[in-house]
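Here the structure is laid out as structure tokens; the discussion comes afterwards.
Only heavy atoms go into these numbers, but all of them, side chains included; no hydrogens, no water, no symmetry mates.
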Amino acid sequence: MNHIKLLFFATIRDRAGVKSLEMDIPVDMTIEDLKDKLSIDYPNLKESMKSVLMTINREYAFDEAVVPSNAEIGMFPPVSGG
Amino acid sequence: MNHIKLLFFATIRDRAGVKSLEMDIPVDMTIEDLKDKLSIDYPNLKESMKSVLMTINREYAFDEAVVPSNAEIGMFPPVSGG
Amino acid sequence: MEPFNFPTIFSVTESEIDLNDLLAKITLTTTGAAAIFTGMVRGETNRGDAHITDYLEYEAYIPMAEEKMKQVADEIRAKWPIVEGIAIVQRIGKLYPKTPTTLIACTAAHRDTGVFDAARYGIDRLKEIVPVWKKEIGPDGTEWVEGDYIPKPGE
Amino acid sequence: MEPFNFPTIFSVTESEIDLNDLLAKITLTTTGAAAIFTGMVRGETNRGDAHITDYLEYEAYIPMAEEKMKQVADEIRAKWPIVEGIAIVQRIGKLYPKTPTTLIACTAAHRDTGVFDAARYGIDRLKEIVPVWKKEIGPDGTEWVEGDYIPKPGE
């Protein structure tokens with residue numbers, strides 16, 4: 001199993017109700033698999049998973065990417081700073 | 001006769017050796033006539049008269065313009081501020 | 001002047017944005033021009049869905065935001081090698097109308113070699129890839145401002 | 001927001017240019033963006049005739065310079081009616097390398113309606129029609145910097 005840390009921001013954090021989570025995931029899990037898992041484990045997040053931006057260790061990550069061990073995973077809506 | 005005030009700036013002032021002059025000129029004198037007069041009265045300014053910018057009461061003025069009474073005439077090279 | 005001497009400042013901060021200080025920090029002996037963009041909280045918006053804003057609440061994924069600001073600066077330098085200094089700042093927290101919230105500044109020897117375009121590019125990219133979000137608090141309640149840019153792989 | 005409320009600042013000054021203060025003065029409740037240009041004294045010039053500058057000495061035909069700055073602001077408003085506040089400042093006197101000598105700043109509700117172009121236009125026009133001159137003092141002596149723009153009737 002891989003140990004990972006999830007960080008939620010903005011609307012995703014509001015829906016998750018927490019700022020961060022730590023969890024263990026299978027070693028071959030992809031970003032897409034992780035989104036599917038979160039949709040099931042946290043029904044509040046299901047709707048958000050369609051448009052969420054995901055990062056692995058502070059770089060944007062896409063569905064096929066495999067989540068590495070000890071990854072810091074960021075989850076948030078499109079940015080709106082400035 | 002018209003009484004006028006001349007203000008010199010930058011290279012023109014350096015050549016004139018003074019910052020300003022007051023003088024009386026004929027009532028129908030144009031900017032071109034005034035430059036001719038200055039070329040004769042102040043030989044140091046002769047060379048400058050070819051490229052000098054002239055203003056009447058703080059607006060750019062051109063050869064044909066007649067110099068009004070009590071005019072404030074500015075004389076300077078192309079600007080180089082910023 | 002070697003490029004490795006060129007200052008790059010990027011920060012996410014809760015403090016006031018000091019334009020004088022930032023400009024001084026990216027001004028070199030060879031610098032003759034600076035283009036600076038600032039964004040501020042609009043209290044009254046008339047374009048699109050017209051509304052009043054009491055304040056904005058900004059948050060950031062700070063370490064990633066600073067890394068992405070660095071990336072924006074690198075992109076600017078790749079496109080406009082004439083740029084000397086770059087400052088990119090995002091203020092976060094509760095910010096009221098008229099308050100500057102972000103700054104991007106680029107310096108160069110001359111004003112006619114792209115320094116304006118570089119600053120313009122910087123603010124556009126900041127609003128695409130730097131992870132910062134804002135929530136608007138107004139008389140009609142609270143609403144997250146929605147972004148619409150989806151970064152591509154490698155961004 | 002009526003246009004007659006839009007602030008226009010223009011000044012020729014011997015004092016330091018305070019960007020924070022000027023920006024605050026041209027920021028309205030409806031303002032969301034500012035584009036600011038500053039020029040500074042270059043101590044080391046590498047384009048064209050490369051040389052070192054110890055300092056510049058600026059002078060102005062002050063009352064006319066302020067009238068022409070007002071004209072530049074009017075031209076900006078005619079071309080970019082979205083511009084809200086405008087500040088145009090020229091510092092004069094003896095100014096050393098790295099010192100900001102001029103500023104032109106424009107504010108608007110949004111950044112994508114011409115505010116960058118407005119600031120760019122402003123500095124270009126300032127260098128064409130505002131009566132200010134500078135003399136360069138360097139290791140090889142003193143030289144007036146030559147302008148080349150000849151204003152047309154009505155400018």
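Taking the side chain as every heavy atom from C-beta outward, Glu16(D) and Arg91(D) approach each other to under 4.5 Å.
Interface remark: Tyr61(D) contributes backbone and side-chain atoms alike to the contact with chain B (heavy atom separation under 4.5 Å). Heavy atoms of Lys152(D) lying under 4.5 Å from chain B belong exclusively to its backbone. Contact of Leu56(D) with chain B is not made at all, since no heavy-atom distance falls under 4.5 Å. Heavy atoms closer than 4.5 Å to chain B are found in both the backbone and the side chain of Val145(D). In this structure, the portion of Ala60(D) lying under 4.5 Å from any heavy atom of chain B is its backbone and not its side chain. Looking at Phe62(B), only its side chain comes within 4.5 Å of chain D, counting heavy atoms on both sides. Heavy atoms of Glu128(D) lying under 4.5 Å from chain B belong exclusively to its backbone.
With hydrogens and angles ignored, the 3.5 Å screen pairs no side-chain donor or acceptor of Thr38(D) with any backbone N or O of Thr102(D).
When Ser51(B), Ser80(B), Gly81(B) are compared by the number of non-hydrogen pairs under 4.5 Å with chain D, Ser80(B) comes out ahead. Contacts with chain B were tallied for Met64(D), Lys135(D), Lys134(D); Met64(D) has the most, counting heavy-atom pairs under 4.5 Å. The residue among Leu103(D), Thr101(D), Ile129(D), Val89(D) with the most heavy atom pairs within less than 4.5 Å of chain B is Ile129(D). Note on Pro131(D), Gly39(D), Gly154(D): by heavy-atom pairs under 4.5 Å with chain B, the leading option is Pro131(D).
Arg15(B) has no carboxylate O lying under 4.0 Å from a charged side-chain N of Glu47(B), or vice versa, which leaves the two without a salt bridge. The pair Lys94(D)-Glu59(D) does not meet the salt-bridge criterion, since no charged nitrogen lies less than 4.0 angstrom from a carboxylate oxygen. A salt bridge links Asp124(D) to Arg120(D): at least one charged side-chain nitrogen sits closer than 4.0 Å to a carboxylate oxygen. Ionic pairing of Asp63(B) and Lys35(B) is present here: one or more N-O contacts between side-chain nitrogen and carboxylate oxygen are shorter than 4.0 angstrom.
Going from atom CD of Glu155(D) over to atom NZ of Lys68(D) covers 8.0 Å, rounded to the nearest 0.5 Å.
Between Tyr55(D) and Tyr96(D), the ring-plane angle classifies as tilted under the 30° and 60° cut-offs.
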